[in-house]
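First the proteins, then the strands, lettered A, B, ... as listed; each starts at 1. Scope of the values below: all heavy atoms of this structure, side chains included, with no hydrogens, waters or symmetry mates.
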Protein chains: 2
Amino acid sequence: MKSYRQYCALARALDVVGDRWTLLVVRELAVGPRRYGELLDGLPGIATNLLADRLRSLERGGVVTRAGDRYRLTDRGRALEPVLDELLRWGIPLMVTGRGDDEFRAHWLHGAVRTVLRDVRLERPVVVEVHVPGGGVRVEATADGVRTGDPGAGAPPDATLRGPPDAVLAVLAGFAALDERADVEVAGSLAALRRLLRARGRPGSSATAEAEPAGPPNRA
Amino acid sequence: MKSYRQYCALARALDVVGDRWTLLVVRELAVGPRRYGELLDGLPGIATNLLADRLRSLERGGVVTRAGDRYRLTDRGRALEPVLDELLRWGIPLMVTGRGDDEFRAHWLHGAVRTVLRDVRLERPVVVEVHVPGGGVRVEATADGVRTGDPGAGAPPDATLRGPPDAVLAVLAGFAALDERADVEVAGSLAALRRLLRARGRPGSSATAEAEPAGPPNRA
DNA sequence: CTGCATCCGCTTCGATACTG
DNA sequence: CAGTATCGAAGCGGATGCAG
């Protein structure tokens with residue numbers, strides 16, 4: 001990337017991670033070390049030469065390191081997590097328009113779920129599993145906060161949510177009530193699920209009550 | 001921008017603010033409403049047609065609105081502040097290499113100072129003013145946290161820091177000790193300034209103790 | 001087969017010139 | 001002052017080639 005040549009921390013950060021695709025590459029590596037082919041699969045739409053370019057650039061920037069045939073984040077790369085989280089959070093309202101014909105990978109759900117439930121605290125713990133075609137997320141909400149992981153680990157969940165990605169996300173993010181989405185199937189304790197949902201913030205979450213153009217935020 | 005067409009909150013966020021220059025435009029408007037010419041001056045290096053493009057795109061995205069000849073952020077645009085803050089924070093270590101021949105605007109210092117002193121709490125309040133050629137920042141640190149503003153407002157500060165941008169930033173960010181930077185001039189209570197500096201975190205702040213390439217993070 | 005590099009049409013960027 | 005028009009250069013995206 002061409003440097004902005006501005007003595008500003010934001011501009012210098014963007015000199016490193018501001019290129020097209022770059023933060024999405026970091027998103028993929030934030031899950032864990034990945035091989036080139038796995039990255040390609042997790043980044044539908046990227047050209048193979050661009051992925052190679054971005055990986056080299058991130059290596060130069062000290063964000064990514066290569067061990068054999070695996071790429072992984074450095075400490076400096078892991079320090080980008082708060083950035084990803086805030087961008088993710090800001091992007092959640094943009095999911096209300098549904099999936100359309102966008103690509104989808106089950107592991108992308110982890111971040112969305114973590115973000116949506118970020119401030120949840122529950123005195124009486126709840127474990128909920130979210131299942132979508134191709135994978136899912138296990139959510140453990142306690143008094144200390146929410147931890148996410150892969151489904152199937154540990155004891156059986158109190159409740160299970162199953163459906164297409166935009167449907168389960170609509171319910172989790174509060175775009176729609178449970179009974180408004182007939183394409184979401186609930187198994188186990190409905191009461192436990194309701195407790196989790198009641199503990200989260202309101203719809204758009206961050207003050208999107210606007211005098212401006214009202215309605216869901218625009219895309220592109 | 002061409003959409004990533006991924007049903008992922010991060011990708012959708014980047015569809016709106018991922019373009020080159022876009023977040024820097026938001027940075028400028030985060031200070032307050034600005035006119036076209038003021039934006040051009042705050043974004044050295046941008047081409048005028050690109051600024052016009054970005055402003056239109058941000059308007060479509062619901063981030064910016066236009067009132068007469070002023071552009072300003074919508075609520076949705078102001079919701080980007082945590083994103084800017086985290087990116088800024090991540091970028092601070094990249095400032096250690098000094099200014100070089102990068103452009104500089106005094107109002108960029110506000111964000112850097114806020115970020116560097118983000119977690120500072122002081123039972124006995126301190127007011128410090130930082131002066132650089134063309135402007136400066138007033139810092140009021142109390143038990144509730146740090147507030148920044150323009151110099152000259154309110155009572156005279158306890159201490160004043162003056163010097164070139166990279167010098168005062170090095171001292172504030174902890175890249176260098178006060179007596180290591182002869183180009184930084186201190187007026188007023190040295191003790192008050194020291195109390196403020198002691199209250200802040202360590203150098204790179206966020207765990208940059210790395211087994212990897214050591215030394216300051218690379219740019220570009 | 002994986003992990004890229006090369007080529008090519010197209011879009012975007014960046015610099016300057018120009019207009020209401 | 002606030003943009004639009006233009007044009008060469010650089011970057012992107014898709015396909016294909018090729019080495020280990």
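Within the structure, every side-chain polar atom (N or O) of Tyr4(B) is placed at least 4.0 Å from both OP1 and OP2 of dG13(D). Dashed line: the shortest gap from a side-chain N or O of Tyr36(A) to OP1 or OP2 of dG20(D) is not under 4.0 Å. Contact between the side-chain N/O atoms of Arg56(A) and the OP1/OP2 oxygens of dA5(C) is found at a separation under 4.0 Å. Remark: Arg20(A) is not in phosphate contact with dC13(C), judged by side-chain N or O atoms under 4.0 Å from OP1 or OP2. For dG13(D), neither phosphate oxygen OP1 nor OP2 lies less than 4.0 angstrom from any side-chain nitrogen or oxygen of Arg5(B). Of the side-chain N and O atoms in Trp21(B), none sit less than 4.0 angstrom from OP1 or OP2 of dT12(C).
Under the side chain to side chain contact (heavy atoms under 4.5 Å, CB included) test applied with Val130(B), the options Val184(B), Thr148(B), Leu109(B), Val171(B) reduce to a single match, Leu109(B). Of the options Arg27(A), Arg114(A), Arg118(A), a salt bridge (charged side-chain N to carboxylate O under 4.0 Å, His left out) to Asp85(A) is made by Arg114(A) and by none of the others.
Going from atom CG of Leu55(A) over to atom C1' of dC4(C) covers 11 Å, rounded to whole Å. In this structure, Leu51(A) atom CG and dG14(D) atom C1' are separated by 15 Å, rounded to whole Å. Rounded to whole angstrom, the span from the CD atom of Gln6(B) across to the C1' atom of dG13(D) amounts to 14 Å. One interatomic measurement links the two molecules: CG of Leu50(B) to P of dA2(D), which rounds to 18 Å at whole-angstrom precision. Here dT16(C) presents its C1' atom at 14 Å from CG of Leu40(B), a figure rounded to the nearest Å. Atom CZ in Arg70(B) sits roughly 9 Å away from atom P in dA2(D) (whole-Å rounding).
Residue whose closest nucleotide on DNA chain C sits further toward the 5' end, between Arg54(B) and Arg35(A): Arg35(A). If you find the closest nucleotide of DNA chain D to Thr48(A) and to Lys2(A), the one lying nearer the 5' end belongs to Lys2(A).
Taking the centre and axis of the six-membered ring of Trp90(A), the NZ or CZ atom of Arg76(B) falls inside the cone set by 45° and 6.0 Å.
Using modelled atom types, one finds no donor on one side chain facing an acceptor on the other under 3.5 Å when comparing Trp108(B) with Glu103(B).
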